[in-house]
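Reviewing the structure listed below.
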Amino acid sequence: MLDFGIENYRPHWLNGRSAVLAAHGRPLHALIGRPLTHAWLVWDVQDDEWFSDCPVLLDFTGEQVEINHAKLDDLSITWNTVDTHRPVLWPDFDLQWRHDIRPELHALQSQRLQDVELLEWAGTDMAQGTVAVSFHFPHGQLTIANALDENGLTFGPPESRYLRHSLS
C-alpha cells in the first residue's frame, strides 16, 4: 500500500458521500467549535511549490484530520497518524511539512470551526459523485477536493455544482 513516503500513514480509501459519512461523519462533526491551530501541507523544496499528492493536515487543538484524494473519486480521511516532525521520503523529491506557506490557510488559524460539509459533485462529467470536504470558519472557508488524482484547495464558497451536505 502506498504510504506517500509518510511514516505511519495508511490511507483508507472511500468512494461516495454515504461511505464517507458512515466512517467519518461523527468525528468530523466533533471538530465543530474547535479552533484551527495548524494546517500542514507537504512542500517541494526544490520547485518551491505545494506537493499536492500528499495529504492535507488540519489540526484542531490536538485532533488532527488528514485528508487525501487520489484517482478520480478516492477520498481518504485518517486521524492523528502523521507526525509532521518526521521526514517525507519520496524518491527523487526533497519534501518537507510546512504550515506557513499559504497565507489563506494561515488566515484561518485560531478561528473556530463553524461547520463541516461533505460536498458531492453534481456535474454531468466523469467527476459526478466525487466528494470534497469543506470547512467553514467565521472569516473564511476551505474546501479540499479531488483535483484529478491529487488534492485541490479552494478558499471561499464552493462551486455551485456541488450538492452541499452539512454535518452541523
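Predicted model, so just to flag it, every value in this text is computed and none were measured.
- Of the residues V20, I144, V131, the one that meets the side-chain contact (heavy atoms from CB on, under 4.5 Å) test with I77 is V20.
- Checking W40, W43, F93 one by one against F51, the ring-ring contact (aromatic ring centres under 6.0 Å, His included) holds for a single residue, F93.
- In the model, S76 has no side-chain atom that pairs as donor or acceptor with a side-chain atom of N68 under 3.5 Å.
- No side-chain donor-acceptor contact under 3.5 Å links Q111 and H139.
- Between I32 and V116, the shortest heavy-atom contact is CD1-N, 4.1 Å.
- Summarising the geometry, atom CG belonging to L72 is positioned 11.5 Å from atom CH2 belonging to W121; distances are rounded to the nearest 0.5 Å.
- The hydrophobic clustering, which links ILVMFWY residues whose side-chain heavy atoms are closer than 4.5 Å, places L153 and L119 apart.
- Considering every non-hydrogen atom in both E66 and V82, the closest pair reads OE2-N, 3.0 Å.
- Closest non-hydrogen pair, T78 versus P11, comes out as CG2-CA, 4.2 Å.
- Across all their heavy atoms, C54 and V42 have their closest contact at CB-CG2, 3.5 Å.
- At distances below 3.5 Å, not a single donor-acceptor pair connects side-chain atoms of H38 with backbone N or O atoms of H99.
- No side-chain heavy atom of T84 sits less than 4.5 Å from a side-chain heavy atom of D59.
- Contact detail for A122 and L163: the closest heavy-atom pair is CB-CG, 3.8 Å.
- When the shell of 6.0 Å around CD of Q46 is examined, it contains 12 or fewer heavy atoms from other residues, nucleotides or ligands.
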* Steps toward side chain to side chain donor-acceptor pair (under 3.5 Å) verdict (T81, N8) -> CA-CA 6 Å; T81 66; N8 297 322; over 6 Å; no
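- Without hydrogens or angle criteria, T143 side chain to T154 main chain gives no donor-acceptor distance under 3.5 Å.
- Each of H165, R164, Q141 was scored for a side chain to side chain donor-acceptor pair (under 3.5 Å) with S134, with one residue passing: Q141.
- A donor-acceptor distance shorter than 3.5 angstrom exists from the side chain of N15 to the backbone of D73, with no hydrogens or angles considered.
- The shortest side-chain heavy-atom distance between V45 and Q96 falls under the 4.5 Å cut-off.
- Taken together through direct or relayed side-chain contacts under 4.5 Å among Ile, Leu, Val, Met, Phe, Trp and Tyr, L21 and Y162 form parts of separate hydrophobic clusters.
- To the nearest 0.5 Å, the span separating CD1 on I101 from CG on L41 amounts to 4.5 Å.
- Taken to the nearest 0.5 Å, the OG1 atom of T61 stands 8.0 Å off from the CZ atom of R112.
- Between atom CH2 of residue W50 and atom CG of residue D53 there is a gap of 9.5 Å, rounded to the nearest 0.5 Å.
- The closest side-chain heavy-atom distance from W13 to L75 is not below 4.5 Å.
- Taking all atoms of both residues into account, the shortest heavy-atom contact from N146 to A70 is ND2-O, 3.3 Å.
- Hydrophobic clustering of Ile, Leu, Val, Met, Phe, Trp and Tyr side chains at less than 4.5 Å, counting indirect connections, keeps I67 apart from L57.
- In this structure, the side chain of D3 does not engage the main chain of Y9 through any donor-acceptor pair within 3.5 Å.
- With hydrogens and angles disregarded, a donor-acceptor distance shorter than 3.5 Å links the side chain of R34 to the backbone of F60.
- With values rounded to the nearest 0.5 angstrom, L31 atom CG is found 8.5 Å from L58 atom CG.
- Under the 3.5 Å distance criterion, the side-chain polar atoms of N80 are matched with a main-chain donor or acceptor of Q64.
- Both L14 and L167 are members of a single hydrophobic cluster when ILVMFWY side chains are connected at heavy-atom separations under 4.5 Å.
- The CG atom of D149 lies 8.5 Å from the NZ atom of K71; values are rounded to the nearest 0.5 Å.
- Tracing side-chain contacts under 4.5 Å through hydrophobic residues (I, L, V, M, F, W, Y), one never reaches W97 starting from L108; they form parts of separate clusters.
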